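All values derive from a computational prediction rather than experimental measurement.
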Number of protein chains: 2
Amino acid sequence: MQALIDHFKQILPLDDDELALLDGRVNARKIKRKQMILQEGFVCKHYTFVVEGCFKMYGVDDKGYEHNIQFAAEGDWIADIGSFHSKKPSKLFIEAIEPAEILQIEIKDLYFLYNNIAKLNRIFKVIIENKFVELQNRVLQNFSSTAEQRYLSFLEQYPNLANRLPNTQIASYLGITPEFLSKIRKDLMKK
Amino acid sequence: MQALIDHFKQILPLDDDELALLDGRVNARKIKRKQMILQEGFVCKHYTFVVEGCFKMYGVDDKGYEHNIQFAAEGDWIADIGSFHSKKPSKLFIEAIEPAEILQIEIKDLYFLYNNIAKLNRIFKVIIENKFVELQNRVLQNFSSTAEQRYLSFLEQYPNLANRLPNTQIASYLGITPEFLSKIRKDLMKK
DNA sequence: CATTACCCTTAATCTACCTTAAGCCTATTT
DNA sequence: AAATAGGCTTAAGGTAGATTAAGGGTAATG
């Protein structure tokens, strides 16, 4: 819980009254490796804050291949925002890559908090702005560079993730096959 | 100005006191075709609401090619959110594809409004959530389908944009060359 | 501790999409 | 009305990355 308070404090500190309201609206859970906290076809019921561990969010195409659209490690939020607010079934999966500890807020609790802690509207606005910018940079990168350049800038931007994740997951994030990532890595070694 | 009030009303209506605060913090401008309201290297100073006309937002790669990352027509917001908040130089351009009428809010005014109209935090949170979802869908589409599928779903998702935009701009948005789009269109005609 | 599942790599063949170049047509600008 | 720029298309040849298949290594699970 302290991890979440610290996270909010970095954007806008909450006072004691506000923190009291938070308590009881947030649920702590432990998640096993490979456990899913969201599956395609189900409505996304929670905003999830990662205290410990690492998740991937992905879609599955017609041929059954997975495509990672984001990772979330310590201090990140993860949710299918579209499904969450529209209450429509998600097209995405969220799955733990490592054993994890998370904090979850349900939609009714989040709306309660938005109505009773004005600051939280601002805090979540900032959180989503940051996620938006990150995603937009990704879109730009994706079509203005080769797979090798994308791999290099992934390493640069997420050095700690790069160590923790298997290359298959990174390949899926970069939009290439593991085989081709393997070739890229080999070519980079030579240089 | 009425266009903006209506736009906010769809999310959360503002009362008269709040509308009074808005007035004077929003500037109306007319923009010519091809005029830029943001250029690479400059800080993005405004959130821009499109009343009439159409804009493209794009980056330029090492080879000088443009890559459209979004369009904005009537009722859309457009800004380089990253540059706007960080006050760092943008890597993007925003340019009018058609003559346009816009409403702009400067950063100091937007922050004033966030502090004095609590609802606006919520309104802009929702606006950015929607943009985030749209962008996320795009990322998913981009690597789980061929250029032809992407073109078809662009036509489906933005039928009015598809009529208004030249194919060169659509190709740039889809991440393909105009030549290849031409081929796709030819192949589709046959079917 | 064994065994299964997953991960990483190499290499050959194949395809979606790019590049270049050229020609025509329709808008803008002068 | 002329001039020019921009937009659309065709086609030939080229490349980044996919696919398939196969072998060896390492980590998770019972």
Is there a side-chain contact between A/Asn167 and the phosphate of C/dC7, meaning an N or O under 4.0 Å from OP1 or OP2?
no

* Below 4.0 Å: OP1/OP2 of C/dT9 and any side-chain N or O of A/Arg185 -> yes

Across the strands shown, which category fits A/Lys32 at heavy-atom distances under 4.0 angstrom: base, sugar-phosphate, nothing? nothing

Using the rule given for side chain to side chain donor-acceptor pair (under 3.5 Å), can you reason through A/Gln70 versus A/Lys131, listing the C-alpha separation, both sets of side-chain angles and the distance that settles it, and then say yes or no? CA-CA 10 Å; A/Gln70 67 167 292; A/Lys131 283 188 107 66; 3.2 Å; yes

For this session: Report which part of the nucleic acid B/Thr168 touches: base, sugar-phosphate, or nothing (heavy-atom distance under 4.0 Å, all strands).
Result: sugar-phosphate

Checklist entry - Do A/Lys56 and A/Ile94 touch side chain to side chain, with heavy atoms closer than 4.5 Å? => result no

Here the distance between atom P of D/dT20 and atom CZ of A/Phe180, to the nearest Å, is 17 Å

Testing C/dT10, D/dC8, D/dG17 for proximity to the side chain of A/Ala147, the answer is D/dG17

Practice task
Name the nucleic acid region contacted by A/Thr177, choosing base, sugar-phosphate or nothing; use a 4.0 angstrom heavy-atom cut-off, strictly under.
Solution key: base

With a 4.0 Å cutoff (strictly under), does any side-chain N or O of A/Lys34 reach OP1 or OP2 of C/dC6? yes

Ranking B/Leu181 and B/Arg33 by the position along DNA chain D of their nearest nucleotide, the one closer to 5' is B/Arg33

By nearest-heavy-atom nucleotide on DNA chain C, the more 5' of A/Gln169 and B/Lys183 is A/Gln169

Rounded to whole Å, the CG-C1' distance (B/Leu174 to C/dC18) equals 15 Å

_Once you measure the plane-to-plane angle for B/Phe93 and B/Tyr58, does it fall in the parallel (<30°), tilted (30-60°) or perpendicular (>60°) bin?_
parallel

Quick note, A/Ile176 side chain, CB onward, closest among D/dG17, C/dC17, C/dT19 is D/dG17

Could you tabulate the donor-acceptor pairs under 3.5 Å formed by side-chain atoms of residues 21-38 of chain B, not counting sequence neighbours?
unit_1	atom_1	unit_2	atom_2	d
B/Arg25	NH1	B/Asp109	OD1	3.0
B/Arg29	NH1	B/Gln104	OE1	2.8
B/Gln35	OE1	B/Lys32	N	2.9

Rounded to whole Å, NZ of A/Lys56 lies from C1' of C/dC6 at a distance of 11 Å

Between CD1 of B/Ile170 and P of D/dC8 the distance, given in whole Å, is 8 Å

